[in-house]
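Working notes, beginning with the structure itself.
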There are 2 protein chains.
Amino acid sequence: MELKNTILQLFPKLNEAIGTDGVNILEHSQQMTIPEGTVVFHQGDQCLNYLLIISGSVKVITRAENGREIVLYHITSGGSCVLTTSCLISSEDYPAEGVTESDVLALAIPKPVFEQYMGESRAFRKQVFHSYGDRLIKLISLVEDISFAKLDIRLAKFLLVNGSVNTPIRTTHQALATELGSAREVISRQLKEFENKGWVQLSRGKIEITNHDALARLLPSTN
Amino acid sequence: MELKNTILQLFPKLNEAIGTDGVNILEHSQQMTIPEGTVVFHQGDQCLNYLLIISGSVKVITRAENGREIVLYHITSGGSCVLTTSCLISSEDYPAEGVTESDVLALAIPKPVFEQYMGESRAFRKQVFHSYGDRLIKLISLVEDISFAKLDIRLAKFLLVNGSVNTPIRTTHQALATELGSAREVISRQLKEFENKGWVQLSRGKIEITNHDALARLLPSTN
DNA sequence: ATACGTTAAGTGATAATGTCACTTAAAACG
DNA sequence: CGTTTTAAGTGACATTATCACTTAACGTAT
């Protein structure tokens, strides 16, 4: 079966769970396809499934009253939605919103099955814990970035990670602002500065990197 | 036994684990007392125990290169150190530092015992997951606060939570800045403004609230 | 009790970022 | 082709951060 191989590849820790442990995730879970732009969960939502993303990407954001947003993280191929899981268990209000950024293929494991696996399979537990730990650590990095790192550096980093000299980045300044937790105007001005220095070329909905090295020199050596 | 009752009170989800499940946490764990000001873990440290805090408090901070710090969260009585746990499992570098804020009494459960409990006790799993979820959600709130909330409001909130009209807050402006992820000078100026309005009275190492209601009016109604 | 070193807090200038109230321009669509 | 929508630009101003200090309060040793 094709899907099984894909899953095993994406979730190496699940090998045991699918194989020798006698629990077969595929039998007890459901494939879901979710179109782009769907709000997968809102603040305060309850979650009834443990979700594994097979393909596509989900962004998790919080919003302030004044409408400003910040992307907390993305869940991509091979990732699981730890926050929905934790929201299921914890009594606190779920403080974020998940939106698909592309068509998404996911595997939904119902809560009781999830709990059974947690008890029976060491491999499954490891997988779940690994996701949790990663998320926690990434969130801490986000806090660090937001409170310490300067915007030009964060912006340069984003550009370098998401584009290169021949692959332009297709996004709006607003989306970039949300991604970095800043304001559109600030991003626009910063990009304009980069453009004036000849490092990027801007057009509506598109950013082309024209001088990779100059942008890279902005980053601290540890990146 | 006194300690057992204390633990059961602090970690209600552990009831089952200590009682009927046949695993006795007290037998397989070790009490530790840690003096105030001890660095419990550094960035990159490995952790060999799952830690439950019985009494006292640990603060978890990150530091920027320029020396600025921010408190990520505090672990107090009844809390567990999820980050050390996750650091044990995840391959990523541990991105924070833990420092005891007072003398701390903790219960250290060695890794193998921890893993055994995770397999055998549903209650223990719940406890662990609950801690994780709470931490994740609190970190998200922190991101929200840092990126959206104005400093005067965050400061007022802190003052109201940590002091009252007859119980002054004993802390330095520097510590406050770290707590809120700001700079000392900014905190000093903001506090001075509060003082000019007659809301607080400042002296070295001490902040007295003189007008609780005025401070409270600064906060959004949802708090 | 006074002097001295240490730590906490204050200050002014300047830079970086965020906010507001718009305007201008590009694309999308009938 | 003209009209909506959506994206991006702009100037003025507010807030927060940074730097390079100064001043004040406290602890300690004589």
Side-chain angles (χ1 to χ4, degrees), chain A residues 37 62-71 142-159 168-197 200-208 218 220, chain B residues 37 62-71 142-159 168-197 200-208 218 220:
Chain A
T62 38
R63 210 189 307 275
E65 292 92 25
N66 66 357
R68 241 182 88 198
E69 293 176 357
I70 182 168
V71 173
L142 178 62
V143 171
E144 243 188 279
D145 278 356
I146 294 175
S147 41
F148 301 141
K150 293 188 49 182
L151 196 68
D152 53 350
I153 293 169
R154 303 217 293 135
L155 182 55
K157 192 170 169 183
F158 182 93
L159 296 177
I169 299 163
R170 303 215 149 265
T171 185
T172 66
H173 297 185
Q174 178 57 66
L176 233 58
T178 298
E179 188 72 37
L180 301 178
S182 177
R184 179 187 57 81
E185 300 92 319
V186 178
I187 298 292
S188 287
R189 283 168 187 143
Q190 193 64 63
L191 282 172
K192 182 62 74 181
E193 229 179 86
F194 285 173
E195 191 177 43
N196 291 339
K197 288 177 175 162
V200 299
Q201 196 184 333
L202 304 176
S203 47
R204 185 187 167 106
K206 190 168 77 170
I207 304 167
E208 291 176 275
L218 228 52
Chain B
T62 37
R63 210 190 307 275
E65 293 92 25
N66 65 359
R68 240 182 88 200
E69 293 176 358
I70 183 168
V71 173
L142 179 62
V143 171
E144 244 187 280
D145 278 357
I146 294 175
S147 40
F148 301 142
K150 293 188 50 183
L151 196 68
D152 53 351
I153 292 169
R154 302 217 296 135
L155 182 54
K157 192 169 168 184
F158 183 92
L159 296 178
I169 299 163
R170 304 213 149 266
T171 185
T172 66
H173 297 185
Q174 179 57 66
L176 233 57
T178 298
E179 188 73 37
L180 301 178
S182 178
R184 179 187 58 79
E185 301 92 316
V186 178
I187 297 291
S188 288
R189 283 170 187 141
Q190 192 64 62
L191 282 172
K192 182 61 76 180
E193 229 179 84
F194 285 173
E195 190 177 42
N196 290 339
K197 288 177 174 162
V200 299
Q201 196 184 334
L202 304 175
S203 47
R204 185 187 167 105
K206 188 168 77 170
I207 303 167
E208 291 175 277
L218 228 52

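Here is how names work: the chains are called A, B, and so on, in the same order as the sequence lines, proteins then strands, and each is numbered from 1.
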Please tell me if the side chains of [X] and [Y] come closer than 4.5 Å, counting only heavy atoms from C-beta onward.
| X | Y | answer |
| --- | --- | --- |
| B:F194 | B:D152 | yes |
| A:R154 | A:F158 | no |
| A:I146 | A:I70 | yes |
| A:L151 | A:I153 | no |

How close or far is atom [atom2] of [N] from atom [atom1] of [X], stated in whole angstroms?
| X | N | atom1 | atom2 | result |
| --- | --- | --- | --- | --- |
| A:K150 | D:dC19 | NZ | C1' | 13 Å |
| B:D152 | D:dA14 | CG | C1' | 12 Å |
| A:I207 | C:dA26 | CD1 | P | 17 Å |
| B:N66 | D:dA20 | CG | P | 13 Å |
| A:L202 | D:dT10 | CG | P | 12 Å |
| B:I146 | C:dG18 | CD1 | C1' | 16 Å |
| B:R204 | C:dT7 | CZ | P | 10 Å |
| B:K192 | C:dA9 | NZ | P | 11 Å |

Quiz item: Going from CZ on B:R170 to NZ on B:K206, what distance comes out if it is rounded to the nearest 0.5 angstrom?
Solution: 5.0 Å

Choose from [options] the nucleotide whose nearest atom is closest to any side-chain atom of [X].
| X | options | result |
| --- | --- | --- |
| B:L151 | D:dT16, C:dA9, C:dG18 | D:dT16 |
| B:R68 | D:dT10, D:dT16, D:dA17 | D:dA17 |
| A:E185 | D:dA17, C:dC20, C:dT11 | C:dC20 |

Quiz prompt | B:Q174 vs B:R189, nearer the 5' end of DNA chain C by closest nucleotide | solution = B:Q174

Exercise. Would you kindly compare A:S182 and B:R184 by the position of their nearest DNA chain C nucleotide and give the one closer to the 5′ end?
Key: B:R184

Exercise. Please tell me which of A:H173 and A:F148 maps to the more 5' nucleotide of DNA chain D, matching each residue to the nucleotide holding its nearest heavy atom.
Key: A:H173

Quiz prompt | Phosphate OP1/OP2 of D:dG9 contacted by A:S188 side-chain N/O (<4.0 Å) | solution = yes

